[in-house]
Amino acid sequence: MKFLFILLFAFSASAKTCATNLKSFRELVGDENFALSWIETTADDGKPLVVKITEVSDKLFLQFVKTKEGLWAEGTADICKEDEIVASISKEQIKLGKAAHWAIKMSMKGGAKFTLKMTDKKLKISTLGWKGDFVPEVSPGN
């Protein structure tokens, strides 16, 4: 009986919670005002990535656009929290753009997992072979 309790506790402690829309995504990150558009601060080429989190056909959608170059990657994402928040875009859902470097295209051709982590009002996003720091994007006129 004691073993069963420990097993159940371990399973519930590692259970993941997933977001299905923007409201549940903001609940997942623990901020009802979490920005949905972010601009990279670590780009060393003067062309930062802009990341947008939206809903498309009632599903969460991630889009990465390289400033002055165009689409880097996009797709319907499963965004879940276990130990960390991870956005997964399957092989079938990911679209890689011309702005993605060939190494990124090779690493993401089977799909991609992006880890999202908030620190000091910055959003750190990482995936295999790439990472960047982001701040909320301010729209013109704001």
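Owing to the predicted nature of the structure, the values given are computational and were not obtained by experimental measurement.
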side-chain contact (heavy atoms from CB on, under 4.5 Å) assessment of Ile85 paired with Val29: CA-CA 8 Å; Ile85 296 175; Val29 297; 3.4 Å; yes
Determine, step by step, whether Val50 and Phe64 satisfy the side-chain contact (heavy atoms from CB on, under 4.5 Å) criterion, reporting the C-alpha distance in whole Å, the side-chain angles of both residues, the deciding distance to 0.1 Å, and the verdict.
CA-CA 6 Å; Val50 174; Phe64 295 82; over 6 Å; no
Item to complete: Apply side-chain contact (heavy atoms from CB on, under 4.5 Å) to the pair Lys98 and Leu71, showing each step before the final yes or no.
Response: CA-CA 6 Å; Lys98 64 180 180 173; Leu71 182 66; over 6 Å; no
- request: Could you walk me through whether Ile89 and Phe114 pass the side-chain contact (heavy atoms from CB on, under 4.5 Å) test, one step at a time?
  value: CA-CA 8 Å; Ile89 304 176; Phe114 299 92; 4.0 Å; yes
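At distances below 3.5 Å, at least one donor-acceptor pair connects side-chain atoms of Thr42 with backbone N or O atoms of Asp133. Looking at Ser90, its side chain does come within 3.5 Å of a backbone N or O of Gln93 through a donor-acceptor pair. Side-chain N or O atoms of Thr76 include none that pairs as donor or acceptor with a backbone N or O of Lys59 at under 3.5 Å. Without hydrogens or angle criteria, Asn21 side chain to Lys23 main chain gives a donor-acceptor distance under 3.5 Å. A distance-only check finds no donor-acceptor pair linking the side chain of Glu74 to the backbone of Phe61 [under 3.5 Å].
Note on Val65 and Ile94: separate hydrophobic clusters, where clusters join Ile, Leu, Val, Met, Phe, Trp and Tyr whose side-chain heavy atoms are under 4.5 Å apart, directly or indirectly. At a threshold of 4.5 Å between side-chain heavy atoms, the hydrophobic network of Ile, Leu, Val, Met, Phe, Trp and Tyr places Ile39 and Trp130 in two separate groups. Cluster annotation: Val86 and Leu128 are assigned to distinct hydrophobic clusters (Ile/Leu/Val/Met/Phe/Trp/Tyr, side-chain heavy-atom contacts under 4.5 Å, transitive).
When side chains are defined from C-beta on, Asp45 counts as touching Lys66, because their heavy atoms get closer than 4.5 Å. Counting heavy atoms from C-beta outward, Leu60 and Leu22 have side chains that approach closer than 4.5 Å. At a threshold of 4.5 Å between non-hydrogen side-chain atoms, the residues Leu36 and Lys52 do not count as touching. For the pair Thr67 and Pro48, the minimum side-chain heavy-atom distance is below 4.5 Å. At a threshold of 4.5 Å between non-hydrogen side-chain atoms, the residues Phe34 and Arg26 count as touching. A 4.5 Å side-chain heavy-atom check between Leu96 and Trp72 finds every atom pair outside the cut-off. In this structure, Leu62 and Ile53 have side chains that are in contact, with non-hydrogen atoms separated by less than 4.5 Å. Proximity of Thr41 to Phe134: side-chain heavy atoms (C-beta onward) are nowhere separated by under 4.5 Å.
Nearest heavy-atom pair across Ala87 and Ile79 is CB-CG1, 3.8 Å. Across all non-hydrogen atoms, the minimal contact from Ala73 to Met108 is CB-SD, 4.4 Å. Considering every non-hydrogen atom in both Gly132 and Glu40, the closest pair reads CA-OE2, 4.1 Å. The nearest pair of heavy atoms linking Asp31 to Asn33 is OD1-N, 2.8 Å. For Ala112 against Thr127, the heavy-atom pair with the smallest separation is CB-OG1, 4.5 Å.
Within 6.0 Å of the CE atom in Met106, the count of heavy atoms belonging to other residues, nucleotides or ligands does not exceed 12. Surrounding NZ of Lys105 are more than 12 heavy atoms belonging to other residues, nucleotides or ligands, all under 6.0 Å away. In this structure, Asp58 places its CG atom where only 12 or fewer heavy-atom neighbours from other residues, nucleotides or ligands lie under 6.0 Å away.
How far NZ of Lys117 is from NZ of Lys122: 14.0 Å, rounded to the nearest 0.5 Å. Atom CZ of residue Phe25 and atom SG of residue Cys80 lie 11.5 Å apart, to the nearest 0.5 angstrom. Note that NZ of Lys131 is 7.5 Å distant from NZ of Lys124, once rounded to the nearest 0.5 Å. Here Glu84 contributes atom CD and Lys113 contributes atom NZ; the two are 11.5 Å apart, rounded to the nearest 0.5 Å.
Among Leu123, Leu116, Leu49, the single residue meeting the side chain to side chain contact (heavy atoms under 4.5 Å, CB included) criterion with Trp38 is Leu123.
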